[in-house]
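Encoded as structure tokens, the structure appears first; notes follow it.
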Amino acid sequence: MSIKVLGTGFYVPPRAVTNDELSQMVDTSDEWIMQRVGIRERRVSVDETTADMATKAAKNALVSAGIEASELDLIVVGTISSDTACPTVAGMVQRAIGAKCPAFDISSACSGFMFALETAAAYVARGNVKNVLVIGAERLSKLLDWKDRSTCIIFGDGAGAAVVTKGEGYLASTMYTQGSDEVLFIPDVVGSSPFYERTEKPRFVYMDGQETFKFAVGRIARDVKEVAQKAGITLDRINHVVTHQANIRIIEFASKKLKIPMEKFFVNIEKYGNTSAASVPIALAELHASGKLKRGDIVALCAFGGGLSSAACIIKW
Ligand code: COA
């Protein structure tokens with residue numbers, strides 16, 4: 001298809017919050033979180049905005065790609081934790097790195113980076129643009145209820161980025177949306193309008209963990225099979241699976257369902273937790289930096305989350 005990955009980069013804020021530290025705040029334990037979710041610690045931004053983190057990831061991706069910000073034709077950011085409704089995170093990154101191209105955000109929760117990648121591929125296929133900076137960046141820590149043990153233990157902050165260009169490395173893709181606010185709900189900021197009618201909706205992130213779990217396992221298996229079929233490859237040809245890091249048990253279930261061994265799944269959930277739209281690009285950038293990705297490798301990327309939404313694609317490295 002239309003694009004190939006030129007370079008990747010990521011950034012996570014320095015403040016690590018361990019499970020032991022969380023156990024001082026809510027009724028939980030390192031043992032429970034490690035067993036049920038697989039997270040040991042997560043990074044939390046103390047003073048960096050989503051755009052600050054996105055900018056650092058972007059700069060690293062530009063270095064990795066070996067191109068200048070002035071060579072970018074488009075910037076697309078997947079995020080649900082924009083610092084402001086306007087300007088966008090993408091706009092602030094554009095200014096910070098000194099790019100001149102159009103820039104906009106896409107909102108699709110944890111699938112946000114994948115939706116942004118598909119958008120980049122569509123623009124390149126149209127012939128309008130050549131080089132696109134695609135970012136997933138989140139500061140979900142500011143939206144969480146830190147007294148709710150079912151959500152505050154799961155999420156972390158960070159940003160991941162990829163520079164893509166015209167090429168033949170994007171073999172197949174799929175996107176899925178199942179509109180729902182019952183399973184996963186993330187609130188928006190409400191001003192002080194006297195005309196605004198309050199609803200019964202919770203003010204903080206709400207998640208039905210078990211329903212999300214079922215949705216995730218089902219979608220990863222279905223989406224990866226679908227894109228492999230579209231790309232004309234069998235599942236055993238896949239060298240690496242870079243999936244959204246939401247729960248180690250979800251990844252293990254997906255491995256079993258797809259009959260793709262766990263060794264092929266890149267896993268970094270223990271260090272960063274679930275960084276929403278930043279999760280897949282951080283994992284891809286770490287895999288890239290590890291030197292384990294070889295030219296010609298087949299990589300399956302997949303994500304799922306609020307919306308509800310999911311997406312997957314097959315990349316030839
Ligand atoms: N620490 C300790 N105990 C906890 C806890 C915590 N942080 N959270 C819940 N519990 C307790 C529950 O109260 C319950 O206790 P009970 O048996 O006495 O009633 C028990 O642990 C089991 O709770 P349950 O909700 O059934 O746990 P679970 O195995 O489903 O794990 C999640 C909960 C959230 C970790 C899991 O459902 C999950 O990861 N879901 C997917 C979430 C996801 O992917 N979200 C991101 C989407 S992008």
Side-chain angles (χ1 to χ4, degrees), residues 17 19 21-29 32-33 35-39 41-45 50 78-85 89 105-115 136-158 175-193 196-220 243-251 253 269 272-280 303-311:
V17 177
N19 291 344
E21 186 175 353
L22 272 183
S23 311
Q24 313 295 314
M25 299 161 62
V26 289
D27 182 12
T28 191
S29 66
W32 192 95
I33 300 172
Q35 260 177 22
R36 299 286 184 121
V37 202
I39 302 171
E41 60 181 40
R42 69 287 295 139
R43 301 299 181 91
V44 172
S45 170
T50 305
T79 188
I80 48 165
S81 49
S82 180
D83 311 295
T84 47
V89 173
D105 290 357
I106 280 186
S107 168
S108 194
C110 304
S111 311
F113 174 80
M114 303 290 298
F115 277 53
E138 302 284 15
R139 189 183 183 186
L140 280 192
S141 61
K142 68 177 177 175
L143 297 171
L144 295 170
D145 177 1
W146 287 85
K147 292 189 191 83
D148 174 11
R149 68 177 182 176
S150 68
T151 51
C152 76
I153 59 149
I154 284 174
F155 296 100
D157 299 334
M175 293 191 295
Y176 175 83
T177 302
Q178 175 189 316
S180 154
D181 60 359
E182 294 89 13
V183 179
L184 230 170
F185 172 83
I186 300 177
D188 203 358
V189 174
V190 175
S192 63
S193 166
Y196 186 90
E197 231 175 82
R198 309 273 150 184
T199 67
E200 295 308 310
K201 292 250 161 72
R203 283 169 47 235
F204 300 109
V205 172
Y206 164 80
M207 184 180 70
D208 179 336
Q210 288 180 4
E211 281 307 312
T212 310
F213 197 102
K214 278 188 240 159
F215 174 77
V217 176
R219 282 320 308 180
I220 296 183
T243 181
H244 177 39
Q245 309 284 310
N247 185 317
I248 189 65
R249 292 187 294 132
I250 291 177
I251 301 176
F253 265 104
I269 186 171
Y272 307 132
N274 176 346
T275 55
S276 185
S279 173
V280 167
F304 55 84
L308 296 166
S309 66
S310 74

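Just so you know, these numbers use all the heavy atoms, side chains as well, and skip hydrogens, waters and symmetry mates.
Checked by atom type and distance alone, the side chain of Asn19 pairs as donor or acceptor with a backbone atom of Ile39 at under 3.5 Å. The closest donor-acceptor contact from the side chain of Arg149 to the backbone of Asp27 lies under 3.5 Å. Thr50 contributes no side-chain N or O that, together with a main-chain N or O of Ser82, makes up a donor-acceptor pair within less than 3.5 Å. Side chain of Asp105 to backbone of Val89: a donor-acceptor contact under 3.5 angstrom is found. The backbone N or O of Ile80 sits less than 3.5 Å from a side-chain atom of Glu138, completing a donor-acceptor pair. Judged purely by atom type and a 3.5 angstrom limit, Thr177 has no side-chain atom pairing as donor or acceptor with the backbone of Gly179. Checking side-chain atoms of Gln245 against main-chain N and O of Thr243 turns up a donor-acceptor pair under 3.5 Å.
Heavy-atom neighbours of Phe253 CZ from other residues, nucleotides or ligands within 6.0 Å: at or below the threshold of 12.
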Run the side chain to side chain contact (heavy atoms under 4.5 Å, CB included) test on Trp32 and Val37 for me, step by step, so that the C-alpha distance in whole Å, both residues' side-chain angles and the decisive distance to 0.1 Å come before the verdict. CA-CA 8 Å; Trp32 192 95; Val37 202; 4.2 Å; yes

What do the steps show when you test Lys147 against Phe204 for side chain to side chain contact (heavy atoms under 4.5 Å, CB included), and what is the final call? CA-CA 10 Å; Lys147 292 189 191 83; Phe204 300 109; over 6 Å; no

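Under the side chain to side chain contact (heavy atoms under 4.5 Å, CB included) rule, His244 has a single partner from Ser279, Ser310, Ser111, which is Ser279. Arg42 pairs in a side chain to side chain contact (heavy atoms under 4.5 Å, CB included) with only one of the listed residues (Ile269, Leu140, Leu22, Asp157), which is Leu22. When each of Ile250, Asp208, Leu308 is checked for a side chain to side chain contact (heavy atoms under 4.5 Å, CB included) with Phe215, only Leu308 meets the rule.
When all heavy atoms of Arg139 and Lys142 are compared, the pair lying nearest together is O-CG, 3.1 Å.
At least one side-chain heavy atom of Ser141 sits under 4.5 Å from a side-chain heavy atom of Trp146.
Interatomic distance, Cys110 SG to Phe155 CZ, rounded to the nearest 0.5 Å: 6.0 Å. Between atom CZ of residue Phe185 and atom OG of residue Ser180 there is a gap of 11.0 Å, rounded to the nearest 0.5 Å.
Taking Tyr272 as the reference, nothing meets the ring pair (Phe, Tyr, Trp, His ring centres under 6.0 Å) condition, with sequence neighbours excluded.
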